[in-house]
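We use all heavy atoms of the structure for the numbers below, so side chains are in, but hydrogens, waters and symmetry mates are not. Numbers restart at 1 for each chain; the letters A, B, ... are given by sequence-line order, proteins then strands. All figures in this text were calculated on a predicted structure; none of them were measured in a lab.
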Amino acid sequence: MELELTEEQRMLKTAASGFLKKECPPALAWEMREDERGYPPSLWQKMIEMGWTGVMVPETYGGIGGDFMDLCVILEALGEVCAPGPFFSTVVLGGLAVMELGTEAQKEALLSRIATGECIMALAADEEEAWCDASFIKTRGLREAGGYRISGTKLFVENAHVADIILCVVTGPAEGSLSVLLVQGDAPGLRITPLKTLAGERQCEVVFDRVEVKASDVLGEAEKAAPGFDRLLDQAAVAKCAELVGCLQTAFDMTVAYAKEREQFGRPIGSFQAVQHHCADMLIDLDGARFATYQAAWRIAGRMPWSREVAVAKAWTSDVARKVTLKAHQIHGAISFCEEHPLHVFYRKAKSGEVAFGDADFHLERVAGGLGL
Amino acid sequence: MELELTEEQRMLKTAASGFLKKECPPALAWEMREDERGYPPSLWQKMIEMGWTGVMVPETYGGIGGDFMDLCVILEALGEVCAPGPFFSTVVLGGLAVMELGTEAQKEALLSRIATGECIMALAADEEEAWCDASFIKTRGLREAGGYRISGTKLFVENAHVADIILCVVTGPAEGSLSVLLVQGDAPGLRITPLKTLAGERQCEVVFDRVEVKASDVLGEAEKAAPGFDRLLDQAAVAKCAELVGCLQTAFDMTVAYAKEREQFGRPIGSFQAVQHHCADMLIDLDGARFATYQAAWRIAGRMPWSREVAVAKAWTSDVARKVTLKAHQIHGAISFCEEHPLHVFYRKAKSGEVAFGDADFHLERVAGGLGL
Amino acid sequence: MDFSFTAEQERFRREVREYLEREVPPRWKELGYLIWEETDESWDITRQWNRKLGEKGWLALTWPRVYGGQERSHIDQLILDEEMARAGTPTGIETAITIGWVCPTIMLFGTEEQKLRYLPDAAKGRIIFCLGYSEPNAGSDLAAVRTTAVEDGDHYVINGQKVWTTVAHRADYCWLAARTDPDAPKHKGVSMFVVDMKSPGITVKPLINILGFHSFNEVFFDEVRVPKENLVGQKNMGWYQLAVALDFERSGVGTPARMHRTIDRLVAYCRQTRRNGRLLSEDPVIRKKLARLSVEAEVLRLLCYRITWIQEKGKTPNYEASLTKVFASELLDRLANTGMEILGPYGMLDRGSPRAALRGEILRLYLTSPSMGIGGGTSEIQRNIIAMRGLGLPRK
Amino acid sequence: MDFSFTAEQERFRREVREYLEREVPPRWKELGYLIWEETDESWDITRQWNRKLGEKGWLALTWPRVYGGQERSHIDQLILDEEMARAGTPTGIETAITIGWVCPTIMLFGTEEQKLRYLPDAAKGRIIFCLGYSEPNAGSDLAAVRTTAVEDGDHYVINGQKVWTTVAHRADYCWLAARTDPDAPKHKGVSMFVVDMKSPGITVKPLINILGFHSFNEVFFDEVRVPKENLVGQKNMGWYQLAVALDFERSGVGTPARMHRTIDRLVAYCRQTRRNGRLLSEDPVIRKKLARLSVEAEVLRLLCYRITWIQEKGKTPNYEASLTKVFASELLDRLANTGMEILGPYGMLDRGSPRAALRGEILRLYLTSPSMGIGGGTSEIQRNIIAMRGLGLPRK
């Protein structure tokens, strides 16, 4: 039992946090919400140079060959500053999809491009009436001579507007079967509309209007993607938890610091029992999120059965994300409702992370099933 | 708009509270839990003499002709001391059942006996798999020459062991129809087993083993009892809220008094912000319960549509019953976990009232239906 | 115990409802703005609407006629507030400040001349006050005011800084707390002034709120000269006057009325939205959440009614306004959050996205609702008031 | 980051599990008693069981061998605690007091002679301490102790009263806090003694708890003579020694293990119980409630593991034990309450009724769970500790 990061992970974390606190203050995420791309390419370039995009890519493909825990370490650092950019959609969603589903050849081709930052990716899964559950996907991939033709509308596709490759999850032709197709970002028939979101992430509506895909651009085996895709969603949920842990940690640290320094009624507000108890509750929530997340990540990294631990982590972390950032606002008072003050960015990010890849209710139902209910 | 009791109601309340605080301390409820009857007959006799059993009985039948609000005033006073006895099952359940469902002749015969205290009543409705919802009742009343024959098992029948008349809710012969039958407490075929309950009330399991009932002992019209019975359950729920308001008020008053007087760390514990905030939350909960209950009682008294207001009152009051008494324990500390200290009686009564006639979940589902969901 | 309204009151409610159905500007309904979203357009609509209400005598319904009111009852005011909230009339915080806070204080402590100078204009919707209470180091703690007012001939000279001053950039006057005796203990030595916002030496700097709108400000006072007759009430007694002014709180009944509107909109959304194979309205967990909010909003309504009823009896609410405020603000958080949970990924979309649910209103409520537990005394302070003023728990 | 156990630790877990499956007395399982339910029979079973564990060396697993321990790791202790809770072994609060609290303090502050006198017997399950801390006017505030110990030759003479003294009527010794310097400031002048409960002048009066059992007592000391060698640690420094002793907290991992057992029993109940036309296990609201408890118990387990891990590193937990305690006690309230909600009317029935669900265990848990947020420092005090000791928030 070793309930802290390894020496290597700690170094990775320290380096990443240090870099991001310097190069990417939380205000950047908010400024970038109206940028066309949604992030500064120079920042993305630096992340690539530091090897983050290759964190989980095997060394043979040009990566640094880390595991899921290393990935979470970087995500936590990114969460600490609410960093904008295509890291999550490319490295987490794209990279893990390729690792879970891809053929050897695809891994070689795609993972190396992810590691070098040549390829930005996006995952098109959710639809108007299908959310975090592939069994309700209606977008169909029709088999045609030499490949597939996709028709349907995908929603909440993060970074589709800048993606080189969009992974499109389709069903058919066999009832309930699932395939993941590699669609080029500039494929004819693709219509991409960015949506305006709470936390400024670039989610898009993506219409696939008879988009053609070559037979070789099926990720892995056609119509057999369901189990691998479920594994991907689980990993994405935990990756989101790691990001949230970073986000909540900063909001918490800001709040404790403020409580020590801000005076009212002639004493620091942190000396009032009500404020102290708020802070204590925040710490319970945050510590719980951290360990639940690390436990799930550790199981994923070791490829141990992880279903319950993933659901526990996302259910708990989703719930406390709101609670912690709400208390942070309460303790900060009026100042935190100014656009200039960074806290609202964390409050937004916390809610967005709460919902992403299944909120607490969603994962609690999974836990219930696991209990035998 | 007049959000306080009328002068008459206030006098009734003051007299009832004064009497009960003298004659019926909360400890009595707890001492009586192992008494054969479950209450001192002398106490019951005094309640009868003060006219409480006739509070809602029209003057022509020997009552004092009050309305549902007057009834609630007495229930609140009873709740303040967790008074034991057959008041609720006789006057609320029995009396209101007769008023909602009985023929003129039955009203004349039964209400006068309730008013004079000659007749203790009990309501046998719930069953193993049917709770607060008559549509799941399985006990059948088979029509026979000259009357009915009842077979089935009823549960949680309060005061069946001392009842002169048990109102038994049966279904049949027509599918889904409901009848309420008047069963004499000593009828052959009746097997009554008292259960041991959280708050010491005498709830019984009552087995009806081919119990015969005369045709004239159908309350009102046979097989047409459903709407009246639903009205009865609604009124019982609000009556229980009134009792709870009294119960919570005492627990709250005890707690505030204790917080002012008990010293720790050299100052009254009521000067600590954490204790102050607990007390403030208790007051919000209690004030809400009082007004929601009064509003529902007022609608019932005025025979206005009451479905939503009843569900609101019982949902809210059920929830806060636990919260208020739990905080009372927390503020009292160790002393309140002694059998001698009265607080646990209120904690028990609060939970028992929370569950009786539908808990919060039950009534929230009704509210949801009312919202159009 | 009687929760009913008289026939006359019911008639007034119908009159109000019909008037509002007819008169609320359609453009306002299109905007669907929350209180924090103020633009030139919304400001103009709100001002016009308030002048219209003022002409009708509905802006200051309970005030004496001599000050522009109609001498109507608190219950009539409750009915009007509830119906306006239900109808979603044009509204901003400035009316609550001017009509609900500043003018009643002037009515209580001002001279007859001061009353006649400000109240009738306010009642007609012609003038607006902003509140000059908060300072960088005095948020919840009004006694810590540092802005000074020093006598100089016929004038006071004001120096200092205020912050979180809502609508300072639009207001005609500032209702200012300033220290007139620097040597007195904290709670003594504060006085209240009416300051013309056009006075030389006043600088207003915008603060942009988290919805991206300009509604707060910093206000700097640099040698601002205020005529002595603009001091309201007793010199150095401002802190005590403001403590009394807490009791002017209206019922706050608009809050539950608006909550019920929001709940109804969420119900409608759930009845027409399918997710993962079923209608949201069929999900028992969602049903329970909405029902709970509805129960809580109903209890809040009753607690608001109680405040009016106390006032109607000619008494002053004690802890009741604090109790209602703390419950209302935390319920608003729960409403916003539950709304977001129900909308799920659609709740993440802001107004302006084609897919945004309920025009992004829940998202915007989610962002602004936490501020309700802060402005006008934090929830922590409200709970202290309930405990100490309401229950008599000891201070030490 | 590694949540796994070594192969050796896993072997130990299997060994423990097999042993417990074989050895837990069947009669104990029939009793199904909670910690507050102590009878002569349950006491005997518990004592026998503890002596058995003691003989096996499992009662004081981590202690030095010279004091009867096995010098095993904290992680082995965690495994043992978790498995014993899972198996529901005979247990009472007296073991936690003796082995978890008193003896480690003696080990830290006692003389070698004192250690050898008490520890080996305790490790064998032969002696039991009760805690003489609380007094009528000093519940959470240990510095307010008024019981006095006055020197008289070779002895101290004790006078005063203790209260809430669990198992005082069964214990061999009392671990007593008494004031040895009446003139010193509150926190100074308190000393710790081992007092033989058979000493003349001690009167134990039962307090019956709300389950109707005798487990608390009042203990009166009237001129009780205690040999000077029974003073443990430095005279007048008792308060500081107890503050250090806070850090002896074990992981508390038994609590989540027992919670999971209870959740499993509720799940089984829901799978076989129909109410109003459907199985309880099909009710989404119930499913969600049980799942949430399960998530919370799992998080609690991890927080408990953290404490052991800190100890294993040779460090002392700081705020972590308080954090775990406050979360655990509030979770226990939620568990008990949710259990009662699920059982509905059947939850109202106590053991002894034919229809009682789960033998009335949930009912009894519902009655006793609130005490967990009180004994050993209230939840309010635990939160203060987290804030001040853990986060460095200022005292004033």
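Note on A:Glu365 versus D:Arg287: salt bridge recorded, some NZ/NE/NH1/NH2 to OD/OE distance being below 4.0 Å. Salt bridge present: A:Glu2 and D:Lys313 bring a charged side-chain N and a carboxylate O closer than 4.0 Å.
Taking chain A as the reference chain and counting heavy-atom pairs below 4.5 Å, the highest number among D:Thr6, D:Leu290, D:Ile263 is found for D:Leu290. Of the residues considered (A:Val312, A:Val256, A:Leu5, A:Val275), A:Val312 shows the highest number of contacts with chain D, using heavy-atom pairs under 4.5 Å. In terms of heavy-atom pairs under 4.5 angstrom with chain A, the leader among D:Arg395, D:Arg306, D:Arg271 is D:Arg306. For the set D:Ile310, D:Leu302, D:Leu280, the entry with the most heavy-atom pairs within less than 4.5 Å of chain A is D:Leu302. Of the residues considered (D:Glu320, D:Glu298, D:Lys289, D:Gln382), D:Glu298 shows the highest number of contacts with chain A, using heavy-atom pairs under 4.5 Å. For the set A:Val367, A:Asp287, A:Asp319, the entry with the most heavy-atom pairs within less than 4.5 Å of chain D is A:Asp287. Counting heavy-atom pairs under 4.5 Å between each of D:Gly390, D:Ala291, D:Ala387 and chain A puts D:Ala291 at the top.
Side chains of D:Asp2 and A:Tyr294: a donor-acceptor N/O pair is absent below 3.5 angstrom, by distance only. If you check the side chains of D:Arg301 and A:Gln295, you find a donor sitting under 3.5 Å from an acceptor.
At a 4.5 Å heavy-atom cutoff, A:Arg366 makes no contact with chain D through either its backbone or its side chain. Heavy-atom distances place both the backbone and the side chain of A:Glu4 under 4.5 Å from chain D. In this structure, chain A has a heavy atom under 4.5 Å from the side chain of D:Leu78, while its backbone stays farther away. Only the side chain of A:Trp298 comes within contact range of chain D, with heavy atoms under 4.5 Å apart. Interface remark: D:Tyr305 contributes backbone and side-chain atoms alike to the contact with chain A (heavy atom separation under 4.5 Å). Both the backbone and the side chain of D:Leu391 have a heavy atom closer than 4.5 Å to some heavy atom of chain A. For a residue to count as touching a neighbouring chain, one of its non-hydrogen atoms must lie under 4.5 Å from one of that chain's; by this rule A:Phe362 does not touch chain D. Proximity to chain A is limited to the side chain of D:His260, based on heavy atoms less than 4.5 angstrom apart.
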Run the ring-ring contact (aromatic ring centres under 6.0 Å, His included) test on D:Phe3 and A:Trp306 for me, step by step, so that the C-alpha distance in whole Å, both residues' side-chain angles and the decisive distance to 0.1 Å come before the verdict.
CA-CA 13 Å; D:Phe3 291 77; A:Trp306 66 48; over 10 Å; no

When you look at D:Val299 and A:Phe291, which way does the side chain to side chain contact (heavy atoms under 4.5 Å, CB included) test go after all the steps?
CA-CA 7 Å; D:Val299 168; A:Phe291 285 106; over 6 Å; no

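No side-chain heavy atom of D:Leu393 sits under 4.5 Å from any side-chain heavy atom of A:Ser271. Using a 4.5 Å heavy-atom threshold, the side chains of A:Thr6 and D:Met1 count as separate. Side-chain contact between D:Arg383 and A:Gln276: absent, with no pair of heavy atoms (C-beta onward) separated by less than 4.5 Å. Side chains of D:Glu312 and A:Met1 form no contact here, defined as non-hydrogen atoms less than 4.5 Å apart. The shortest side-chain heavy-atom distance between A:Arg308 and D:Ser294 falls under the 4.5 Å cut-off.
Residue A:Met304 qualifies as enclosed at atom CE: its count of foreign heavy atoms under 6.0 Å is above 12. A 6.0 Å sphere centred on CD of D:Glu10 holds more than 12 heavy atoms belonging to other residues, nucleotides or ligands.
Atoms CD1 and OG1, from A:Ile284 and D:Thr324 in turn, are 8.5 Å apart once rounded to the nearest 0.5 Å. In this structure, the separation between CG on A:Leu371 and OG on D:Ser281 is 11.5 Å, given to the nearest 0.5 Å.
Residues A:Pro268 and D:Lys396 come closest through the heavy atom pair CD-O, 3.7 Å.
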